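Scroll down for the structure; my scribbles are underneath it.
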Amino acid sequence: MSMVPGTGLVKGTSAALQTIGQPLPEVPGRNRTVDTCRATVLSEATKAGMKQVEAVSAGADRTDKKGDYFAPVLFRITYERPMMYEVREAAMICVVSRKGAIVDAYMPADESVVTQWTDLKRR
């Protein structure tokens, strides 16, 4: 927990607390999954007392054999809790159809998946 000026008492991981008040780092490149995935997470997080959902590209999208787009998206979700806020950050792989509908969203088994994703585009 940390006292954040202008916000108040905030609970979260040390990494999440260090970036409060700063924009999430966005990875350049076309990512057609961000908006659809954000809307899906927003819908679910609202049920859990969400105050704010931030989402940015964590890597350029790719297409699978069906033509669906998939890419990593970085999220920061702030929840209102009694007398404090809770902040969570995570990267998810989002899969969106060509028509813009959510197909799937999942947490990678290993955080290095997102790092390796962005490294592939730099080669």
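Every value quoted in this text rests on a predicted model; they were computed, and no experiment measured them.
- A 6.0 Å sphere centred on CG of D104 holds more than 12 heavy atoms belonging to other residues, nucleotides or ligands.
- How far CE of M50 is from OG1 of T78: 9.5 Å, rounded to the nearest 0.5 Å.
- Pairing each heavy atom of A45 with each of V53, the nearest pair is CB-CG2, 4.2 Å.
- Here the side chain of T13 pairs a donor or acceptor atom with the backbone of A16 at under 3.5 angstrom.
- Sparse packing is recorded around CZ of R98, with 12 or fewer heavy atoms of other residues, nucleotides or ligands lying under 6.0 Å away.
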Would you list the atom pairs, donor with acceptor, under 3.5 Å between side chains in residues 64-75 and any protein atom, with sequence neighbours excluded?
from	atom 1	to	atom 2	distance (Å)
D64	OD1	K66	N	3.0
D64	OD1	G67	N	3.1
D64	OD1	D68	N	2.9

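- Atoms CD and CG, on E54 and L24 in that order, are 5.0 Å from each other to the nearest 0.5 Å.
- Nearest heavy-atom pair across L17 and S2 is CD1-CB, 3.9 Å.
- Ionic pairing of E89 and R76 is present here: one or more N-O contacts between side-chain nitrogen and carboxylate oxygen are shorter than 4.0 angstrom.
- Pairs engaging residues 10-34 under the salt bridge (Lys or Arg N to Asp or Glu O under 4.0 Å) rule: R32-D61 [sequence neighbours left out].
- The nearest pair of heavy atoms linking V103 to S97 is CG2-N, 3.6 Å.
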Inset, instruction - Kindly indicate, with the supporting measurements, whether the criterion side-chain contact (heavy atoms from CB on, under 4.5 Å) is fulfilled by K51 and Y79. - result: CA-CA 5 Å; K51 179 182 180 201; Y79 296 92; over 6 Å; no
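- Note on M107 and V34: same hydrophobic cluster, where clusters join Ile, Leu, Val, Met, Phe, Trp and Tyr whose side-chain heavy atoms are under 4.5 Å apart, directly or indirectly.
- Under the 3.5 Å distance criterion, the side-chain polar atoms of T46 are matched with a main-chain donor or acceptor of L42.
- Shortest non-hydrogen contact noted between G8 and M3 is C-SD, 3.4 Å.
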Inset, instruction - Determine, stepwise, if the pair I20 / V87 fulfils side-chain contact (heavy atoms from CB on, under 4.5 Å). - result: CA-CA 8 Å; I20 289 278; V87 175; 3.4 Å; yes
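- To the nearest 0.5 Å, the span separating CD1 on I102 from SG on C37 amounts to 4.5 Å.
- When all heavy atoms of A91 and P108 are compared, the closest pair comes out as O-CD, 3.4 Å.
- Among all heavy-atom pairs drawn from S57 and N31, the shortest one is OG-ND2, 3.2 Å.
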Inset, instruction - Take V41 and M92, measure what side-chain contact (heavy atoms from CB on, under 4.5 Å) needs, and give me the verdict at the end. - result: CA-CA 10 Å; V41 168; M92 295 176 65; 4.2 Å; yes
